[in-house]
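Below, all heavy atoms of this structure are taken into account, side chains as well, without hydrogens, waters or symmetry copies. For clarity, every value in this text was computed on a predicted model and none was experimentally measured.
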Amino acid sequence: MGTWGTGLYADDTACDVRDAFRDALRAGADAQEAEARVLDAFAEELADPDERAVVRLALADTQSRLGRLTPSARREALALLDAGGDLERHREAGAAEVRRRAAVLRRLRTRLEGPQPEPRPLPARRPTPARAVPGSVYAYRARSGQPYLLRVVGLADVGCSTGPVVRFLDHPGPDLPDPAALAQIPERRHHPRWKRTEVVIRDDARAERDQAGLVLVGEHPVPPLTPSPNGRTASTWAELRTYLETRDDLARTTG
């Protein structure tokens with residue numbers, strides 16, 4: 001995914017640096033040893049001028065938030081900030097993006113130059129939530145009563161994690177299909193009213209699906225995931241529910 005925003009951790013590499021430092025602490029390393037392990041693990045990125053700042057800034061921020069900022073990490077990060085940080089990486093996205101990133105870097109400088117907190121206990125890793133698995137078919141019933149089917153066709157990187165990739169099935173309703181018939185239902189084609197045909201879900205968990213009103217209908221094998229010719233968008237389950245409701249409203253007002 002690379003970079004998808006101006007936040008300090010709106011970047012795959014920054015997320016990986018944060019997780020690697022935390023994992024080293026959990027394994028028993030002190031701050032200096034954990035830092036050394038991170039720098040060794042990200043030697044290739046540190047050699048890349050575009051990635052070096054991402055690694056150094058994420059490492060210093062992570063240390064500071066945990067009350068474990070080392071003199072070396074602070075020194076390297078402040079030197080990079082004095083040189084402008086990584087604003088050049090964001091210039092292609094426009095002046096507004098550069099301004100937002102600059103504000104992020106100013107806040108980071110304030111954190112690094114200010115008083116540091118006492119070392120905080122490292123939170124335990126959260127248990128992995130129950131993920132949607134490829135082959136699963138879910139139904140969402142709109143307020144009108146019309147059911148919409150979504151099939152999980154694979155997994156993809158989204159943000160700092162991996163999420164299910166879903167495609168819509170072209171099911172007329174109004175009843176849910178027999179699970180044995182799921183393999184015969186075609187995928188919904190791109191249409192002016194259905195511009196989204198493939199969505200990768202952020203923050204997937206069973207609780208999120210339940211809250212959004214998704215119900216498991218059944219499963220059937222899916223072929224290897226091939227890129228959608230219409231591209232892919234990212235969404236939470238709740239946002240996808242809203243999208244389905246708007247499609248349903250549109251269908252009822254336009255026929």
**OP:** Starting at CG of Leu122, measure out to CZ of Phe21 and round the result to the nearest 0.5 Å.
**Re:** 9.0 Å
Subject >> Enclosure of Glu33 CD (heavy-atom neighbours >12, cutoff 6.0 Å) >> reply: yes
Original post:
After noting the C-alpha distance and the side-chain angles of Leu66 and Leu25, does the key distance pass the side chain to side chain contact (heavy atoms under 4.5 Å, CB included) rule?
Top reply: CA-CA 10 Å; Leu66 294 174; Leu25 293 181; 3.9 Å; yes
**OP:** State the CZ-CD distance between Arg68 and Gln116, to the nearest 0.5 angstrom.
**Re:** 12.5 Å
Original post:
Quick one: does Arg151's side chain have a donor or acceptor within less than 3.5 Å of a partner on Glu219's backbone?
Top reply: no
Original post:
Quick one: do Val137 and Leu240 end up in the same hydrophobic cluster if we chain Ile, Leu, Val, Met, Phe, Trp and Tyr together by side-chain heavy atoms under 4.5 Å apart?
Top reply: no
Original post:
Between atom CZ of Arg141 and atom CG of Leu214, what is the distance when rounded to the nearest 0.5 Å?
Top reply: 13.0 Å
**OP:** Look at the side-chain heavy atoms of Ile, Leu, Val, Met, Phe, Trp and Tyr, link any pair under 4.5 Å apart, and say whether Val54 and Val17 land in one connected group.
**Re:** no
**OP:** Give a yes or no on whether Gln184 atom CD has more than 12 heavy-atom contacts from other residues, nucleotides or ligands under 6.0 Å away.
**Re:** yes
Subject >> Sidechain N-carboxylate O distance under 4.0 Å for Arg101, Asp86 >> reply: yes
Original post:
Which atom names give the shortest non-hydrogen contact between Pro147 and Leu176, and what distance separates them?
Top reply: CB-CD2, 3.7 Å
Original post:
Is it true that Asp248 and Arg143 make a salt bridge, defined as a side-chain N closer than 4.0 Å to a carboxylate O?
Top reply: no
Subject >> Point-to-point distance, once rounded to the nearest 0.5 Å, from NE2 of His171 to CG of Leu182 >> reply: 9.0 Å
Original post:
What's the verdict on salt bridge (charged side-chain N to carboxylate O under 4.0 Å, His left out) for Arg202 and Glu239, showing C-alpha distance, side-chain angles and the deciding distance?
Top reply: CA-CA 10 Å; Arg202 303 189 305 267; Glu239 291 166 346; 3.1 Å; yes
Original post:
In terms of hydrophobic clustering (I, L, V, M, F, W, Y; side-chain heavy atoms under 4.5 Å; direct or indirect links), are Val104 and Tyr9 co-clustered?
Top reply: yes
Subject >> Gap between atom CG of Leu59 and atom CD of Glu35 - 0.5 Å precision >> reply: 5.0 Å
Original post:
Will you find, in the side chains of Tyr243 and Thr233, an N or O donor that is under 3.5 Å from an N or O acceptor?
Top reply: no
Subject >> Heavy-atom closest contact (Ser64 atom, Arg111 atom, distance) >> reply: OG-CG, 3.3 Å
Original post:
Atom CG of Leu57 and atom OG1 of Thr13: how far apart are they, to the nearest 0.5 Å?
Top reply: 12.0 Å
**OP:** Could you tell me whether Arg26 and Asp23 make a salt bridge, using a distance below 4.0 angstrom between a side-chain N and a carboxylate O?
**Re:** yes
**OP:** Heavy atoms only: give me the nearest Ala77-Leu112 pair and the separation to one decimal.
**Re:** CB-CD1, 3.7 Å
Original post:
Hey, are Asp48 and Arg52 close enough for a salt bridge, meaning a charged N less than 4.0 Å from a carboxylate O?
Top reply: no
Original post:
On the ring face of Tyr148, is Arg247 found with NZ or CZ under 6.0 Å from the centre and within 45° of the axis?
Top reply: no
Original post:
Are Arg189 and Asp170 close enough for a salt bridge, meaning some N to O gap below 4.0 Å?
Top reply: no
Original post:
Can you name the nearest heavy-atom pair linking Leu155 to Ala132, along with the distance?
Top reply: CD2-O, 4.1 Å
Original post:
Linking I/L/V/M/F/W/Y whenever any side-chain heavy atoms sit under 4.5 Å apart, do Leu169 and Val199 land together?
Top reply: no
